[in-house]
Amino acid sequence: MPERAQPKPQPRHGAENAQEPPSCQATGGGGAEARGPGRHQAGQRLGLPDPQLCASPLQHGQGPSHGRGNQRHHRRAGGRAEPLRARLPAGSCPQPAPRRQVKGPDMSTPEEAGSRLSPVLQQRLEKLDRLRELGVEPWPVGFARDTRVAEMLAAFDELKESGRGFTLAGRLTALRRMGKATFAELMDGGEKVQLYIQRDGVGADTYDVFKLFDIGDIIGVEGKAFTTRSGEMSVEVRAIQLLSKNLHPLPASKEKDGQVFDEFSDKDQRYRQRYVDLLVNPSTRTVFEQRSRIVSAIRRHLEGQGYLEVETPVLQPIYGGAAARPFVTHHNALDMKLYLRIANELYLKRLVVGGFDRIFEFARDFRNEGMDRFHNPEFTQMECYAAYQDYQDMMVLVENLISGLAVELHGSTRVMLKGHEVELAAPWRRATMMDLLREATGADLLDMDEAALRALAKRLHVEVEANDGWARLVDTLFGELVEPKLIQPTFVCDYPREMSPLARRHRQDPRLVERFEAVVAGKELCNSFTELNDPIDQRQRFLDQQALIQRGDDEAHPLDEDFLRALETGMPPTAGLGLGIDRLVMLLTGAESIRDVIFFPTMRPQA
RNA sequence: GCUCCAAUAGCUCAAUCGGUAGAGCAGCUGACUCUUAAUCAGUUGGUUCGGGGUUCAAGUCCCUGUUGGAGCACCA
């Protein structure tokens, strides 16, 4: 379904903020005056005065400031590099807390009015008041963290031996309070460490403040390494400071010996509030870390082979490079229809014409089609092109690339994928599509006409569409009978010509094109061909596609005259490859749904 | 687009044949200075996804809408 044109460019919040003077000027630590549009969202939603008004980074180190809030801020800002202890409220800090005169629906925004705050949120808001009464700013600027939790754990023995102090920052993920002492857990970058906080260690006043901390708060601590009686590497905390107050409690899942209790498992909420999912489900974080490593490794591999990373248009006047329905949008100034790309292939080939012999792009592509656990409307594909190569060369690239990724991620080319043990080490099996079909059906499909294929499909109980052409029938039979059974990596070679309007005619059989798909664990991994660089042939293929459009195929390629002109200028013999990143990540991480490998998958807006 | 399933406290889940909405965790109050799903005592918290219907009575049955999941279709 075509999207309607955007009504008018709306100013974005970020841009607005950037132009605004620091919001500190608006404050005297006061209560509930109306604020500008850039105010803190939580405060806005909760109908609260903005606690950040006193904390503009631009104030830092700048001339005299005004107002109570600024005084407090200044005292803290000066302490950025000082020992933490010096910055903690010493009880001698008669900072009048800004008080919330009224709370609840009365001060809410119109949308919020009438909806009640949950009791838990109510309590968190009251804690904010109490913190401020103790002179604690719930959202202070900066923190002089000098050690990451992972570093600290790695260097634990040395740190313990030397007794050297360090500072850590992160999120509180557990609290085990025992009166005048507390064990807590601090999470930083997916790594957790236990904290031990004693009243006598941090001081009674600080300990009172600490009692107002919750799971989910972000804190900074200063301390030193020590080992508990039960042998757990821990931090004996000497000073502790609130860095960001949590208002929405994190899901109360707990974990012991790898077993998770009350896991945050509602998929809807996990996708919509991915930040929560990432905080409480370590495996979610791991998947995305692996995704990043995969992308990074591909980039390194290609660059190592002399490929240049390029960028090409997402907004295209004519879409192409794949068989799919596009998203449509409108450009106001040019008053023209534009399509979000379904592929970048035609642009990358223009660059090959332009003399870039080896190029690649990680392209976000958009296809206006159904969604399921293998399809998201926007997805990422890596396409690369190499002049003076053919699809045989691309097979070598792929098998080396993927086996390298397996080693990078799993330390071995032999990996478990979808319950099968798969050997990804090069070389992979090479087989033609027709040979594989002959193995499966006993028939030579290349010699069969459309009617014979239909009869075959019927005999083998494969459902086909009434208006499917010869190539489509072959493809359907292959997808049903062969592909799911290809567990070990296989290059399926030489596809029917009419299925691949951008691929070069096979050098030995004009009914075929020089194309392969790599299939692993029953799933297609990538698609590659010797590119069609004969502009006369390419024009005829486009015309054939127009015939398909006439026949009702709304995914056939539109004719791209500008692309033809590029080919007419002369493209070297070239090989190209498209690799679906999301599915690759699914395969290598064992994710069941594409939504598990995309941070923010497309979702219907909530009612 | 179609079929089936699901939605109950902040989170994970109960609730018998249609008969007073519960538990654990989180939270709150108190005790506890080596705990680790901390423990112990007390306690708050509900538009049972929205709307309609049947019924003396609906979380439960019926209709409808919303969102999600699984599958089908399409596709990568």
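In what follows, chains are A, B, ... by sequence order, proteins preceding strands, each numbered from 1.
- In this structure, A:Phe362 and A:Phe360 have perpendicular ring planes: the angle between them is above 60°, well past the 30° mark.
- A:Asp372 contributes a side-chain N or O that forms a donor-acceptor pair with the base of B:A73 under 3.5 Å.
- If you measure from atom NZ of A:Lys211 to atom P of B:A31, you get 8 Å, rounded to the nearest angstrom.
- The CZ atom of A:Arg367 sits 6 Å away from the P atom of B:A76 (whole-angstrom rounding).
- In this structure, A:Glu222 pairs ionically with A:Arg238, as a charged nitrogen and a carboxylate oxygen lie closer than 4.0 Å.
- B:C61 sits 11 Å from B:G19 when the P atoms are compared, rounded to a whole Å.
- Computed from coordinates, the A:Leu247 CG to B:G27 P distance equals 15 Å when rounded to whole Å.
- B:C17 takes the syn form, because its glycosidic angle lies no more than 90° either side of 0.
- Across every strand in view, B:G19 sits in a pair with B:C56 that passes the Watson-Crick or G-U test at under 3.5 angstrom.
- At a cut-off of 3.5 angstrom, counting only N and O atoms as typed in the model, there is a donor on one side and an acceptor on the other between the side-chain of A:Asp262 and the base of B:G24.
- At a cut-off of 3.5 angstrom, counting only N and O atoms as typed in the model, there is a donor on one side and an acceptor on the other between the side-chain of A:Gln194 and the base of B:U35.
- Along RNA chain B, the nucleotide nearest A:Gly370 and the nucleotide nearest A:Asp200 are compared for position; the residue whose nucleotide lies closer to the 5' end is A:Asp200.
- B:C40: Watson-Crick or G-U partner is B:G30, with both key distances under 3.5 Å.
- Residues A:Lys180 and A:Ser265 both approach RNA chain B. Their nearest nucleotides, taken by heavy-atom distance, put A:Ser265 toward the 5′ side.
- For the OP1/OP2 pair of B:A37 and a distance below 4.0 Å, the side-chain nitrogens and oxygens of A:Arg176 include no atom meeting the criterion.
- In this entry B:C74 has no Watson-Crick or G-U wobble partner, no candidate having both defining distances under 3.5 Å.
- Remark: the separation of the C1' atoms in B:U29 and B:C63 is 48 Å, to the nearest Å.
- The structure places OG1 of A:Thr284 at 9.5 Å from CZ of A:Phe264, a figure rounded to the nearest 0.5 Å.
- Atom C1' of B:A26 sits at a distance of 11 Å from the matching atom of B:U12, rounded to the whole Å.
- Look at the P atom in both B:A14 and B:A23: the space between them is 16 Å, to the nearest Å.
- No engagement by A:Arg270 is indicated, since no non-hydrogen atom pair under 4.0 Å with the nucleic acid exists.
- Nucleic acid contact class of A:Phe226 (heavy atoms, under 4.0 Å, all strands): base.
- The pair A:Asp596-A:Arg373 does not count as a salt bridge, with every side-chain nitrogen at least 4.0 angstrom from each carboxylate oxygen.
- When the P atom is used for both B:G10 and B:G69, the distance is 22 Å, rounded to whole Å.
- One interatomic measurement links the two molecules: CG of A:Leu577 to P of B:A76, which rounds to 15 Å at whole-angstrom precision.
- Residue A:Phe379 and nucleotide B:A76 are classified as a stacked aromatic pair, their ring centres being separated by less than 5.5 Å at an interplanar angle below 30°.
- Within 4.0 Å (heavy atoms only), A:Glu185 reaches no atom of the nucleic acid at all.
- At a threshold of 4.0 angstrom between heavy atoms, the contacts of A:Lys127 are confined to the sugar-phosphate backbone, with no base atom among them.
- The CG-C1' distance, from A:Leu579 to B:A76, rounds to 11 Å in whole Å.
- Distance noted for atom P between B:U66 and B:G51: 15 Å (whole Å).
- Between A:Met371 atom CE and B:U67 atom P the separation is 12 Å, expressed in whole Å.
- Remark: A:Lys160 does not engage A:Asp157 in a salt bridge, criterion side-chain N to carboxylate O under 4.0 Å.
- Neither OP1 nor OP2 of B:A31 sits under 4.0 Å from any side-chain N or O of A:Arg177.
- An OP1 or OP2 oxygen of B:U67 is reached within less than 4.0 angstrom by a side-chain nitrogen or oxygen of A:Arg604.
- Nucleotides B:C17 and B:A57, compared at atom C1', are 14 Å apart to the nearest Å.
- Between A:Gln269 and the phosphate of B:C11, there is a side-chain N or O to OP1/OP2 separation shorter than 4.0 Å.
- In this pair, A:Phe183 and A:Tyr196 present their aromatic rings parallel. The plane angle is below 30°, not in the 30 to 60° band.
- Between A:Glu185 and A:Arg176 there is a salt bridge, since a side-chain N of the basic residue sits under 4.0 Å from a carboxylate O of the acidic one.
- Applying the Watson-Crick and G-U wobble criteria (two distances, each under 3.5 Å), B:U35 pairs with nothing in any strand.
- Taking atom CG of residue A:Asn281 and atom C1' of nucleotide B:U12, one finds them 12 Å apart after rounding to whole Å.
- Put simply, A:Arg373 has a side-chain N or O that comes within less than 4.0 Å of OP1 or OP2 on B:G71.
- Atoms CZ (A:Arg229) and P (B:A38) sit 19 Å apart, rounded to a whole Å.
- For the C1' atoms, the distance from B:A41 to B:G46 is 25 Å, rounded to whole Å.
- Heavy atoms of A:Thr228 sit under 4.0 angstrom from at least one base atom.
- Of all nucleotides present, only B:G69 satisfies the Watson-Crick or G-U wobble test against B:C4, with each distance under 3.5 Å.
- A:Phe288 and A:Phe599 have parallel rings, their planes meeting at less than 30° on a 0 to 90° scale where 60° marks the start of perpendicular.
- Counting non-hydrogen atoms under 4.0 angstrom, A:Glu263 reaches the backbone sugars and phosphates but no base.
- A:Asn246 comes within contact range of no nucleotide atom at all, as no heavy-atom separation falls under 4.0 Å.
- Within the structure, a side-chain polar atom (N or O) of A:Lys256 is placed less than 4.0 Å from OP1 or OP2 of B:A37.
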